[in-house]
Structure formats: C-alpha cells, structure tokens
Colleague: 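Once you've had a glance at the structure underneath, I'll fire off some questions.
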Amino acid sequence: MDKTYQPEQIESRWYERWEADGHFAPSGEGAPYSIMIPPPNVTGSLHMGHAFQDTIMDTLIRWRRMQGHNTLWQVGTDHAGIATQMLVERKIAAEEGKTRFDLGREAFIDKVWEWKHESGGHITRQLRRMGASVDWSRERFTMDDGFYKAVQEVFVRLHQEKLIYRGKRLVNWDPTLHTAISDLEVENRDQQGSFWHFRYPLADGMTTDAGLDHLVVATTRPETLLGDTGVAVNPEDPRYASLVGKFVELPLVGRRIPIVADEHADMDKGSGCVKITPAHDFNDYEVGRRQDLPLINVFSQSAAILTRAEAFDIQGRPLPDIDPSLPEAYAGLDRFEARKRIVADMEAAGLLEQIETISNTLPYGDRSGDVIEPLLTDQWFVAVESLAKPAIEAVEKGDIQFVPKNYENMYFAWMRDLQDWCISRQLWWGHRIPAWYDENGNVYVARSEAEARQKHDLSADLALTQDEDVLDTWFSSGLWTFGTLGWPEQTEELATFHPSSVLVTGFDIIFFWVARMIMLTGKFMGEVPFRQVYVHGLVRDGQGQKMSKSKGNVLDPIDLIDGIDLESLVEKRTGSLMQPQKAKAIAKATRDEFPEGIEPHGTDALRFTFLSQATTGRDIKFDMGRLDGYRNFCNKLWNASRYVLINAEGEDTGLGEDPVELSLADRWIVSRLQQTEAQVTKALEEFRFDHASQALYEFVWNEYCDWYLELSKPVLWDEAASAESKRGTRRTLVRVLEAILRLAHPMMPFISEEIWQRVAPLAGTWQGERDSLMVQPWPESDSTLVDESATRDIEWLKGVIIAVRNIRAEMNIAPGKPLEALLTKGSQEDARRLEANRPFLAKLAKLERAEWLDDPEQAPLSATQLVGEMEVLVPMADLIDKEAELARLAKEIDKQDKLIGGIEKKLGNESFVAKAPEPVVEKERGKLADFQASRRLLVEQRDKIAAL
RNA sequence: AGGACCAUAGCUCAGUUGGUUAGAGCGCCACGUUGACAUCGUGGAGGUCGGCGGUUCAAAUCCGCCUGGUCCUACCA
C-alpha cells in the first residue's frame with residue numbers, strides 16, 4: 001500500500017467492478033427494501049443537494065444490503081418539461097438562430113430527444129462518482145414508453161371517474177413562457193411599489209353620503225381597470241349602503257359596472273371600495289362568482305392589451321351581449337406600458353386621487369423570472385378533494401411517517417387547504433394530453449386516437465385533432481414509485497418492492513411531489529408509495545448562504561472530490577453570469593476563501609462530511625474544515641491498515657488450529673467493537689447519520705488507532721512474547737479491522753473496499769477474486785463479547801499513562817526521556833495491574849522502571865498525579881521549578897475547592913437530600929470524596945515543595 | 001398578520017426521559033520527526049449554553065415573555 005491515501009486511484013476502479021459484477025441489482029433473497037431515487041432533471045448536473053441526498057440513500061441501501069435485505073435502489077431521470085424545453089430552445093437559437101416555431105412541434109421534439117441522447121447522461125455519470133449503488137439495469141426516464149403508458153392510463157381513468165375535468169379558469173400565467181404554472185412554481189418577491197388611488201364616477205347622478213360624485217378605489221395594477229366588472233363595498237358599511245345596486249361609470253372604457261356588497265371589501269382599508277376584475281385577480285374571481293359578475297379578459301397571452309376584450313360568465317361561456325371594445329389607445333401595449341398610459345390618462349381626466357408608495361409582494365415565475373399574471377384560460381384540472389382525504393389519513397394513521405415528525409404539520413396544513421390541481425401546460429416537451437377534439441369542439445379522452453374513435457363510435461372520416469397541451473411534470477413524477485416498477489402491468493417487481501421503504505427528499509418538494517405521490521399512489525395502487533419520508537434540509541455554503549449561481553458561491557461536489565485549481569474555480573463561478581458586473585466581487589471572494597483552490601478530497605471524505613452534518617431535518621452549512629478533517633480520517637484508516645498489514649501479512653493470524661492467547665488489550669478492543677457496532681446500527685435505524693459517523697470515527701481514531709495499535713506493539717515486537725499471544729494479537733488486529741471496514745462501508749464504500757480486499761484474506765472472510773465487501777454481512781454486536789473487567793483494566797492503564805504524560809508536560813520533561821515511576825496508596829488490584837501491564841507502561845509512557853511502593857512515607861520528592869485512589873509518582877528532586885510548581889498547585893487546589901464548595905452546598909441543602917433520588921445523592925457524595933482526596937494530595941505536595 | 005424551526009467554545013455542530021467538572025472536529029498555543037500516519041503524536045487555553053422571568057431539591061434540557069436569525073403560509077383590492 002502507498003504511504004498516503006490517494007482516493008482518485010481507487011474510486012473509479014471499484015465502481016466499475018461492482019457494477020460489472022452485478023452487486024447493485026436486487027439479490028432476490030431476504031426481506032425487500034427499496035428506495036426510489038427522486039429523479040433528477042435530465043438536464044441537470046449534480047449539485048450539493050443531490051450529492052447529500054444520494055449519500056444518505058446509498059448509505060441506507062448499502063447498509064440494508066449488507067443486512068441481507070433484497071434491496072432495490074431504483075434510478076431514473078425526469079424529463080423536466082419547462083427546464084428542458086428552455087434549454088433546447090436556447091441551444092437552437094444559439095446554434096441555428098431558430099425558434100421552436102421555426103422548426104415546428106415534431107422537429108423540435110426530435111431535437112429534444114437528440115439532445116437527451118447526447119447529453120442526458122451527464123448527471124447519471126456524476127451519480128456514479130458519488131458511489132451510488134443504484135440498479136442501472138432498471139434505469140427509467142419519465143418520458144420512456146412504459147412511463148408514457150402509465151401516465152396515459154392514469155389520465156384516462158381519472159377522467160372516466162370525472163376526477164379530471166377541463167375548464168376555463170384563472171391560472172398563474174407566465175407571459176414569457178406562454179404557459180400556465182402552478183402556485184408552487186411562483187416565487188413571491190418583496191418590492192417597493194406604487195399604489196394608485198382612482199376616482200370612479202358614480203352613474204346616473206348619484207352621490208355618496210358624503211356628497212361626492214365618485215368612489216375611490218386603489219390598485220397596484222392600473223391596467224386591470226380595463227377589465228373591471230364591478231365595485232365592491234362591505235355589506236356592513238353604512239357609508240355606501242345606499243349605493244349598493246347602483247352603478248359607476250368605468251373611466252376610459254365607459255362601461256357601466258355595478259356596485260355590489262361583498263365581504264371581500266374591508267371597511268378599514270382605504271376608502272372601503274374595491275374594484276373587481278374577475279378575469280385578472282384571484283380574489284376578484286371569487287367575488288365575481290359570488291356576485292355573478294362577468295369576466296372580462298383584456299390581456300393577450302403575452303400580457304399585452306387586447307384590441308377587443310373577451311367576456312365570459314363564471315362557467316367560461318362567452319357573453320356575446322357585452323360590448324368587447326377597448327380604447328384603441330392601449331391596443332397591443334405591453335401591460336407595463338399600458339399601466340403608465342392609463343395612469344397618465346386618469347390623471348389628465350382628474351381621476352387620480354393620490355399615489356402611495358407601499359411595499360408589496362409580486363409573483364415571479366421561477367423559471368422565466370417574469371411577473372406572473374392571473375389569466376383566464378382553458379386548462380385541465382384534477383379534482384383533488386377525494387384524493388386528498390385518504391392521503392391525509394395515511395399520514396394520520398401512521399402508514400406514512402415523516403422523519404422528522406414536524407414536517408407532518410406542514411403536510412397537513414397544505415393538504416387541508418388544497419385547490420384543484422391545474423395539470424395542463426402550454427409546452428411541447430412532455431406527456432401530451434390524451435384528448436382529441438372534433439370540429440365542433442367535442443372532446444374525446446382515450447389512450448389513443450383509435451381508441452377514441454372506437455369508444456365513441458366515431459366515423460373514420462371525422463377529423464380529430466389532439467389537444468396541444470402537455471401535462472405538468474409533477475403529474476408523471478407523481479407515479480414514480482409504481483410507474484418505475486412496470487405499472488399498469490402487475491409485475492413481480494411491483495409485488496415485491498412496492499410500497500418502497502423510505503423516500504429521501506428535501507422539504508422544498510413535499511408539496512410538489514410527496515403529496516401528489518401519496519394521492520396518486522393511493523388512488524391507483526390502493527396503498528402508500530413509501531412507509532417513511534426522511535426529510536433533509538438545504539445544503540448551504542459555509543456562511544449559511546443559499547448556494548446560487550448569481551451569488552457565485554456554488555460548490556460543485558465533483559470539485560470537492562477531484563480538487564480544482566483557483567483559476568478554474570474563479571472561471572467557473574464568474575463565467576456565465578446573468579449579471580456580469582458581479583464577476584469582480586465574486587472572483588475576489590473566491591480568491592479570499594480558496595487561495596490555493598480546492599484540494600482533492602475523494603468521494604469517501606465528501607460522503608462522510610455530509611453524513612456527519614446530517615442532523616435531523618435542518619439546513620446544513622457545508623464546512624470545508626470538516627471535509628479536510630474527514631479526508632484526514634480516511635488517511636488515518638489507510639495508515640492504520642498499513643500497520644496491520646505490515647504486521648500480519650505473511651504471518652500466522654490465528655486462522656488455523658494453533659492455540660491463541662488473547663491479551664487484555666485484545667479483549668478490550670473486541671469488547672469496545674461490540675458497543676460501537678450496536679451504536680452505529682442504532683443510529684442508522686434512527687436516521688441519525690451524524691451519530692453513526694461519529695461513533696465510527698471515535699472508535700477508529702480514539703480507540704483502535706490511539707490505544708489498541710499502540711498496545712499491540714509491545715506484544716508483536718517483544719521477542720520474549722509467546723507465539724500464542726502474538727497470534728492472538730495479530731488475529732485481533734485483523735478481525736477488528738475487518739469489522740471496522742464492514743461498519744464503514746455504507747458510509748465510505750471505496751476506501752473500505754480497497755482495504756478490505758487485502759485484510760479479508762487474513763481474517764478468513766474472503767471468498768476469492770470476485771468477492772466484495774458490498775455483500776458481506778453487516779457486523780452484529782455480540783453482547784457476550786463485552787468484557788467489563790478488561791475495560792476497567794484498560795481504563796486503569798490509560799489513566800496511568802496519561803498521568804505520566806501529564807507530569808511530563810507540566811514538568812517540561814522531553815517526551816522521549818525515559819523515566820522512573822512509583823505507584824502507591826492503591827489497592828491490591830492496582831498492584832496486580834501494575835505487574836500485569838509493565839511492558840505496556842514501558843512502551844506507552846516511556847518508563848524505564850515502574851515499581852509498587854508499599855509505604856507512601858518512603859516516597860522521594862516527586863511530581864504526582866492521582867488515578868482513582870492511587871498515586872502515580874515520578875521522582876524528580878532536581879527538576880522541579882519551585883515557584884512555578886507552587887503556583888500550579890495553588891491553582892489546582894483552588895479548582896478543587898470550587899468543586900467541593902459546590903457539592904457541599906448541594907448536600908447541605910436539606911430538600912435536595914430529602915427529595916432527590918437516592919442514587920443521585922450517593923453520586924454526589926462519591927464525587928465529594930473524590931474531590932477531597934485530590935485536594936489532600938495537592939496540599940501534601942504543596943507542603944512538601946514549599947519545605948524545600 | 002399566522003405558523004414552524006433555530007440561537008451551546010473563534011468556526012461547523014453533538015448534548016436521549018431535567019441530575020456531566022457542558023462535549024467533538026476544525027482553528028489557536030506549547031512541545032515532538034519513536035520502525036502505520038506531520039493528512040501525524042502529546043499536552044493545553046477557550047463557554048455566566050441569546051436575554052429576562054417561572055416550574056423544580058436540581059434547568060443547556062420543561063413553561064412563558066423578549067431579542068436576533070432562517071423559512072413557510074396568507075395579505076397587500
């Protein structure tokens with residue numbers, strides 16, 4: 001083995017081997033355990049969130065696989081409608097100078113597929129770099145044939161049950177992308193804005209109680225004035241009671257619109273009068289429904305003012321009686337330009353009462369960045385009410401558990417206030433809606449045009465055209481858990497692996513995805529999609545900032561694995577910025593933070609960092625310091641293994657019949673291993689990856705390396721030690737390491753496999769060439785191997801060694817200088833331990849002599865430390881710096897006094913003694929005795945030195 | 001406006017049902033290249049657990065209020 005751990009040399013090699021040997025596929029034996037990967041966008045590249053999530057899933061899958069489960073980690077990618085379409089549109093614009101309309105629908109979709117075949121594998125290659133043990137043989141894509149079939153089936157069946165319907169409704173419209181988007185894709189941003197107060201003249205010579213000839217309404221969107229169909233006042237509002245049922249004359253348009261009484265109008269806000277624009281505002285839509293007001297749409301799909309408005313009733317039926325004409329002055333103007341003109345015209349007409357500056361929140365499309373408009377359009381909807389009920393119950397009954405549990409409240413809150421789900425999108429890339437229209441606008445829903453004709457008995461010469469729209473991406477991903485397993489066929493995989501065991505996902509898509517999976521799976525499978533949902537937080541940068549391209553603080557997991565030089569990193573962060581003026585600041589921040597670029601750390605160290613930071617459900621601040629630390633941990637494990645191999649390869653490791661003797665240290669480390677195995681297993685069961693990684697880290701570094709390896713040296717290097725004891729130590733070295741590697745494997749698959757291949761033959765657990773750590777049994781804790789007495793003896797030994805090291809440090813004695821030590825005032829047991837452990841003390845504490853002193857009075861002047869009741873003395877008459885030592889002792893005595901004072905106060909409190917449980921009181925008394933003993937010793941020592 | 005979560009060492013974080021001398025890693029200081037490892041070893045400094053009040057024999061831990069932060073939902077006609 002190389003002296004230093006070199007991750008890049010081992011990682012790709014092992015991944016290929018595992019995949020080639022078929023270790024990722026289900027074993028077909030044992031209890032099923034399955035995870036469906038949240039399908040990443042096929043356009044995507046691996047970001048820190050993916051890397052984090054994949055690490056958690058892979059750790060779970062590898063662990064369960066080793067436990068003997070029949071594991072399936074289902075992999076696949078999402079076609080990601082809008083994202084992919086935009087990407088390919090940009091590409092053809094750049095390369096061919098064409099729009100998708102130049103190409104036409106079919107040719108454009110061919111282009112998208114072409115792109116997918118060429119570049120769609122980027123993210124899956126990166127997934128391999130993370131070590132993800134997904135079953136590639138079952139890889140799916142949400143637009144593949146089988147999935148298309150499942151999507152159609154679901155659509156047709158829901159439509160048959162009238163759970164899918166089509167209607168003209170107000171939806172969030174993206175004027176740039178020309179499509180409906182869901183509430184969830186709308187990002188609300190706070191802004192400073194103007195709030196215009198307009199006068200609407202009363203018709204027919206009416207006046208208000210205050211004698212005014214107009215009502216005042218206010219709006220942040222003056223352009224919607226053109227679509228007003230009413231003014232609302234509160235039914236309780238005495239100021240306007242006499243005007244209800246009367247009319248105002250809509251300025252600029254001249255339409256008479258009614259004054260209605262509706263609770264939507266808030267008497268305490270502004271004038272108490274509200275303009276009602278049912279076709280352009282969600283609240284007004286509801287008012288329009290209640291008050292039976294017409295809907296007048298004045299916007300085109302690009303949110304420009306129409307030449308002629310479109311009027312409908314609440315059912316979406318045209319209202320031919322309403323005059324659709326709009327002022328010519330605004331025809332074709334963009335909404336923001338129209339806004340300016342309308343404000344100016346209102347002012348010119350003396351109808352602008354005031355302009356207020358307010359802070360308000362505007363909806364933006366998260367893809368286009370454009371301001372979203374509520375727009376009246378024909379869309380397909382899923383009626384969610386009947387689907388939501390069982391989906392809520394599934395969580396209430398505990399059929400699905402959220403980890404951490406508080407996300408259940410978030411889920412309930414959303415599910416109990418669910419609106420019908422608009423599933424149609426005006427895009428080209430996606431699952432085209434399986435609905436056909438004849439010339440009269442009759443709609444036929446079926447799995448294919450042929451089925452539509454057959455089902456509805458349509459003549460072959462009747463022209464049918466398919467609906468132009470595609471389905472919301474989340475409609476298809478809602479079928480992910482069962483669609484990937486072959487549904488609607490009743491496959492064996494479906495029977496075996498559904499419901500899946502756990503869904504690992506970010507809280508940000510609980511609504512988008514988790515809730516919809518639960519609803520659709522409940523409907524079509526009659527069961528839950530997964531039994532548990534492990535919800536993790538966002539991966540933020542070291543300062544707690546969200547990572548984003550525009551901030552230039554993005555870390556690429558692959559760069560953390562392979563390393564990247566500073567110039568490349570700066571180039572990457574500043575290369576394709578939307579706001580190039582930020583480049584300078586980003587470059588500087590990057591140079592300050594990573595003056596040397598980023599060193600390679602390897603996948604295992606990155607994974608271990610994620611796991612160590614994966615505390616329940618909250619966002620994590622990615623800590624580069626930890627990444628370095630865990631890379632060092634890998635190096636530590638690597639070198640400990642080198643030590644073991646150097647001492648065990650080619651030697652007898654106790655596999656044969658020859659007798660074996662286990663030392664105290666051997667029994668102790670085996671005992672501690674059992675406890676560590678139990679800890680790691682428990683932590684994984686509880687999704688406490690931080691605890692699992694920490695338990696492993698501490699055992700490997702603080703016990704196996706720091707103590708056990710050191711304790712093995714005196715045995716292995718002592719010519720006088722027996723063959724049995726050497727055999728026993730070699731066997732323990734190798735077996736414990738082999739168990740460590742199995743324990744580490746789900747968290748750090750590469751390094752553990754690499755080392756295991758060398759160690760397993762020595763431990764007798766290697767089945768030959770093609771054997772892999774991936775398929776070894778998970779270490780089971782054996783409580784019969786827990787050895788309390790060995791633990792006590794080792795604690796004693798460590799205590800004495802640390803005492804001597806302390807004395808060296810305090811007395812400023814060179815670490816390498818051999819010393820003599822005396823042990824005294826202890827028990828028979830202490831004396832026995834000294835006799836048994838002299839070689840260990842000699843090696844680890846650098847003692848050339850260690851003797852038991854029966855009579856403490858005989859002790860020469862010494863530096864002293866307490867181990868339990870026993871004193872450790874290092875005689876050193878010449879070496880003591882009197883003043884410094886007196887000062888140190890005074891400080892120590894003071895410390896003990898404070899501790900003693902605290903406990904005496906506690907024990908002096910009658911109600912403490914009376915009310916606290918007996919063991920607690922006993923413990924305090926014990927502590928008091930210990931502190932007092934320490935103090936006595938310190939005082940004796942002080943007096944001795946003072947007397948010099 | 002309503003709700004959720006968070007606040008522990010310079011930094012990133014653990015801390016089970018209240019009882020610890022409040023822990024880890026990184027960073028910092030001192031010493032050290034002994035035959036696995038300087039990506040290391042040994043020792044050390046560093047915290048009135050955001051503030052105030054309450055419950056209790058006992059509070060980092062439970063309750064209330066306040067401050068600061070993050071996020072979600074709603075509203076802004």
Side-chain angles (χ1 to χ4, degrees), chain A residues 1 3-5 188 193 195 217-221 224 231-232 264-266 269-270 273-277 281 283-284 287 358-362 404 406-407 409-410 413-414 417 507-508 511 537-538 540 542-544 546 599 601 605 612-613 615 617-647 686 688 690-691 694 697-698 702 705-706 709-710 713 717 802 805-806 808-810 812-816 843 846 895-896 898-899 902-903 906 909-917 919-921 923-924 927 930-931:
Chain A
M1 284 171 84
K3 191 172 169 185
T4 311
Y5 161 63
N188 291 305
F195 195 38
V217 297
T219 181
T220 54
R221 294 187 296 152
T224 62
V231 171
H264 172 62
D266 185 337
K269 280 188 185 164
C273 304
V274 190
K275 67 192 268 309
I276 303 298
T277 324
D281 182 281
N283 284 311
D284 292 3
V287 176
I358 54 160
S359 60
N360 61 348
T361 314
L362 251 48
N406 52 313
Y407 282 104
N409 292 327
M410 190 168 156
W414 192 70
D417 185 32
F507 67 92
D508 49 333
F511 305 147
L538 218 61
R540 298 169 176 276
Q543 281 71 248
K546 226 180 206 169
E599 289 184 340
H601 293 85
S612 76
Q613 295 217 83
T615 75
R618 25 189 294 202
D619 289 355
I620 67 172
K621 288 184 213 172
F622 188 80
D623 186 356
M624 287 297 292
R626 281 199 176 200
L627 181 62
D628 291 338
Y630 295 128
R631 192 261 327 266
N632 295 354
F633 176 59
C634 290
N635 187 61
K636 188 73 180 175
L637 180 59
W638 182 262
N639 276 292
S641 305
R642 284 182 64 221
Y643 169 81
V644 172
L645 292 173
I646 287 166
N647 286 287
E686 293 169 345
R688 286 305 301 262
D690 56 332
H691 289 170
Q694 197 184 354
Y697 182 98
E698 285 179 354
N702 303 342
C705 292
D706 286 351
L709 295 192
E710 294 308 318
K713 289 173 184 175
W717 296 351
I802 289 169
R805 286 177 183 166
N806 267 311
R808 281 183 192 274
E810 278 157 11
N812 233 333
I813 304 168
K843 173 83 175 101
K846 292 269 168 356
K895 191 174 152 193
Q896 295 301 318
K898 282 201 183 111
L899 291 169
I903 294 193
K906 209 178 231 181
N909 181 342
E910 277 174 37
S911 47
F912 171 69
V913 179
K915 292 188 182 174
V920 172
V921 178
K923 197 174 159 195
E924 292 300 315
K927 268 156 51 179
D930 288 348
F931 296 149

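Excluded from the calculations below are hydrogen atoms, water molecules and symmetry mates; all remaining heavy atoms, backbone and side chain alike, are included. Throughout, protein chains are lettered first and strands after them, A, B, ... in sequence-line order, and every chain is numbered starting at 1.
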Colleague: More than 12 non-hydrogen atoms from neighbouring residues, nucleotides or ligands closer than 6.0 Å to NZ on A:K927, yes or no?
Modeller: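 More than 12 heavy atoms, drawn from other residues, nucleotides or ligands, come within 6.0 Å of this atom.
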Colleague: So what does A:N806 hit on the nucleic acid, given a heavy-atom distance under 4.0 Å: a base, only sugar-phosphate, or nothing?
Modeller: sugar-phosphate
Colleague: Could you work out the separation of B:A7 and B:G15 based on their C1' atoms and round it to a whole Å?
Modeller: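 Looking at atom C1' only, B:A7 and B:G15 are 15 Å apart.
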Colleague: Does A:D690 offer a backbone N or O that forms a donor-acceptor pair with the side chain of A:Q613 under 3.5 Å?
Modeller: no
Colleague: Under 4.0 Å, heavy atoms only, any strand: does A:F931 hit a base, just the sugar-phosphate, or nothing?
Modeller: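 If one applies the 4.0 Å heavy-atom cut-off, A:F931 turns out to touch a base.
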Colleague: Taking N and O atoms by type only, does the side chain of A:E710 place a donor or acceptor under 3.5 Å from a partner on the base of B:A36?
Modeller: yes
Colleague: Would you mind reading off the distance between A:D508 atom CG and B:A4 atom P, rounded to a whole angstrom?
Modeller: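 Going from A:D508 (CG) to B:A4 (P), I get 21 Å.
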Colleague: Taking for each residue the nucleotide of RNA chain B with the nearest heavy atom, is it A:I620 or A:K846 whose nucleotide lies nearer the 5' end?
Modeller: A:I620
Colleague: Say you pick atom C1' in B:U56 and the same atom in B:U17; how far apart are they, in whole Å?
Modeller: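 Per the computed distance, 16 Å lies between those C1' atoms.
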Colleague: Would you indicate, yes or no, if B:U21 has its OP1 or OP2 atom less than 4.0 angstrom from a side-chain nitrogen or oxygen of A:K927?
Modeller: yes
Colleague: Considering every strand and a 4.0 Å limit on heavy-atom distances, what is the contact class for A:A218: base, sugar-phosphate, or nothing?
Modeller: sugar-phosphate
Colleague: Output yes when at least one side-chain N/O atom of A:K546 is less than 4.0 Å from OP1 or OP2 of B:C71, else no.
Modeller: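 No, no such contact exists.
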Colleague: Rounded to whole Å, please give me the gap between CG in A:N647 and P in B:A36.
Modeller: 7 Å
Colleague: Can you check the distance between B:C26 and B:G44, where both ends of the measurement are the P atom (answer in whole Å)?
Modeller: 16 Å
Colleague: Among the nucleotides B:C76, B:G19, B:U70, which one has an atom lying closest to any side-chain atom of A:P917?
Modeller: B:G19
Colleague: Sort out the partner of B:G2 for me: Watson-Crick or G-U wobble, both distances under 3.5 Å, none otherwise.
Modeller: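 Pairing partner: B:C72.
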Colleague: Provide the distance between the two P atoms, one in B:G50 and one in B:G35, to the nearest whole Å.
Modeller: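 Those two atoms are separated by 47 Å.
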Colleague: Between A:T220 and B:C76, is there a side-chain N or O to OP1/OP2 distance below 4.0 Å?
Modeller: no
Colleague: If you check every side-chain atom of A:I802, which of B:C76, B:G43, B:A36 has the closest atom?
Modeller: B:G43
Colleague: What nucleotide among B:A14, B:G19, B:C13 has an atom nearest to a side-chain atom of A:Q613?
Modeller: B:C13
Colleague: Side chains of A:E924 and A:F912: closer than 4.5 Å at any heavy-atom pair?
Modeller: yes
Colleague: From the options B:C31, B:A4, B:A36, select the nucleotide whose nearest atom is closest to the side chain of A:P815.
Modeller: B:C31
Colleague: Without decimals, in angstroms, what is the distance between A:M410 CE and B:C71 C1'?
Modeller: 9 Å
Colleague: Mind calculating the distance between CG (A:N406) and P (B:C5) to the nearest angstrom?
Modeller: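 Roughly 6 Å, once rounded to whole Å.
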Colleague: Would you mind reading off the distance between A:N702 atom CG and B:G43 atom P, rounded to a whole angstrom?
Modeller: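 Distance, rounded to whole Å: 11 Å.
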Colleague: Select base, sugar-phosphate, or nothing to describe what A:K843 touches, counting heavy atoms under 4.0 Å on all strands.
Modeller: nothing
Colleague: Side chains of A:N283 and A:H264: is there a donor and an acceptor less than 3.5 Å apart?
Modeller: no
Colleague: For the side chain of A:R805, starting at C-beta, report the closest nucleotide among B:A14, B:C76, B:G43.
Modeller: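 The answer is B:G43.
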Colleague: When you measure from the side chain of A:L899, which nucleotide among B:A36, B:U21, B:A14 comes out closest?
Modeller: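 For A:L899, the side-chain atoms sit closest to B:U21.
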Colleague: Hey, can you tell me if A:Y407 and A:F507 have their rings parallel, tilted or perpendicular (30° and 60° cut-offs)?
Modeller: parallel
Colleague: Respond yes when some side-chain nitrogen or oxygen of A:K621 is under 4.0 Å from OP1 or OP2 of B:G69, and no when none is.
Modeller: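 A:K621 to B:G69 OP1/OP2: no side-chain N or O under 4.0 Å.
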Colleague: What is the base-pairing partner of B:G19, counting Watson-Crick and G-U wobble geometry with both distances under 3.5 Å?
Modeller: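 Paired with B:C57.
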Colleague: Provide the Watson-Crick or G-U wobble partner of B:A38, both distances under 3.5 Å; none if there is no partner.
Modeller: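 Pairing partner: none.
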Colleague: Partner lookup for B:C52, please. Criteria are Watson-Crick or G-U wobble with both distances under 3.5 angstrom; report none if nothing qualifies.
Modeller: B:G64
Colleague: When all nucleic acid strands are considered with a 4.0 Å heavy-atom cut-off, which category describes A:T4: base, sugar-phosphate, or nothing?
Modeller: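 Base contact - A:T4 has a heavy atom under 4.0 Å of at least one base atom.
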Colleague: Could you please name the option among B:G19, B:G25, B:U20 that lies closest to any side-chain atom of A:K906?
Modeller: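 Within the option list, the nearest is B:U20.
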Colleague: At 4.0 Å (heavy atoms only), tell me whether A:T277 reaches a base, stays on the sugar-phosphate, or touches nothing.
Modeller: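 Answer is nothing: A:T277 stays at 4.0 Å or more from every strand.
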Colleague: With P as the reference atom in both, quote the distance from B:G51 to B:G68 in angstrom, rounded to an integer.
Modeller: 15 Å
Colleague: Check for me whether A:K713 meets the cation-pi criterion with A:Y643, that is, NZ or CZ under 6.0 Å from the six-membered ring centre and within 45 degrees of the ring axis.
Modeller: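 Yes, A:K713 and A:Y643 form such a contact.
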Colleague: For B:G10, which nucleotide is its Watson-Crick or G-U wobble mate, given both distances must be under 3.5 Å?
Modeller: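 Matched B:G10 with B:C26 under the 3.5 Å cut-off.
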Colleague: How would you label the contact of A:L709 with the nucleic acid (heavy atoms, under 4.0 Å): base, sugar-phosphate, or nothing?
Modeller: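 Counting heavy atoms under 4.0 Å across all strands, the contact made by A:L709 includes a base.
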Colleague: Measure from the side-chain N and O atoms of A:R540 to the backbone N and O of A:D619, and report whether any donor-acceptor pair falls under 3.5 Å.
Modeller: no
Colleague: Specify the residue among A:N632 and A:Y643 whose closest nucleotide of RNA chain B lies further upstream toward the 5′ end.
Modeller: A:Y643
Colleague: Is the phosphate of B:C76 approached by A:N283 (side-chain N or O, under 4.0 Å from OP1 or OP2)?
Modeller: yes
Colleague: Nearest whole angstrom, please: distance from the C1' of B:A74 to the CG of A:D417.
Modeller: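 Spelled out: CG on A:D417 to C1' on B:A74 is 10 Å.
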Colleague: Between B:A59 and B:C49, how many Å separate the two P atoms, rounded to a whole number?
Modeller: 12 Å
Colleague: Test your reading of the model: is there a side-chain donor-acceptor pair from A:R688 to the backbone of A:T615, 3.5 Å cut-off?
Modeller: no
Colleague: Let me know the distance between CZ of A:F912 and C1' of B:C57, rounded to the nearest Å.
Modeller: 7 Å
Colleague: Consider the side chain of A:F195, meaning its heavy atoms from C-beta on, and name the nucleotide among B:A36, B:U39, B:C76 that approaches it most closely.
Modeller: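 Closest of the options to the side chain of A:F195: B:C76.
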Colleague: Ignoring backbone atoms, test whether A:N639 places a side-chain nitrogen or oxygen under 4.0 Å from the OP1 or OP2 oxygen of B:C40.
Modeller: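 False: A:N639 side-chain N/O out of range (4.0 Å or more) of B:C40 OP1/OP2.
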Colleague: Can you check side-chain contact (heavy atoms from CB on, under 4.5 Å) on A:S612 and A:Q694, steps first, answer last?
Modeller: CA-CA 7 Å; A:S612 76; A:Q694 197 184 354; over 6 Å; no
Colleague: Using a 4.0 Å heavy-atom cut-off across all strands, classify A:C273 as base, sugar-phosphate, or nothing.
Modeller: nothing
Colleague: Which whole number of Å gives the distance between the C1' atom of B:A24 and that of B:G2?
Modeller: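 Those two atoms are separated by 39 Å.
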Colleague: From the options B:C57, B:A14, B:A36, select the nucleotide whose nearest atom is closest to the side chain of A:S911.
Modeller: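 From the listed options, B:C57 comes nearest.
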Colleague: Are the side chain of A:D281 and the backbone of A:D284 linked by a donor-acceptor contact shorter than 3.5 Å?
Modeller: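 A pair under 3.5 Å: yes.
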Colleague: Does a side-chain N or O of A:R540 approach OP1 or OP2 of B:C6 to a distance below 4.0 Å, or not?
Modeller: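 Looking at the OP1 and OP2 atoms of B:C6, neither is under 4.0 Å from any side-chain N or O of A:R540.
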Colleague: Write down the distance between NZ (A:K713) and P (B:U34), rounded to a whole number of angstrom.
Modeller: 11 Å
Colleague: P atom, B:U67 versus B:G41: distance in rounded Å?
Modeller: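 Nearest-Å result for B:U67 against B:G41 at atom P: 47 Å.
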Colleague: Look at the side chain of A:W717 and decide which nucleotide, out of B:C40, B:G44, B:A36, has an atom nearest to it.
Modeller: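 Of B:C40, B:G44, B:A36, B:A36 is nearest to the side chain of A:W717.
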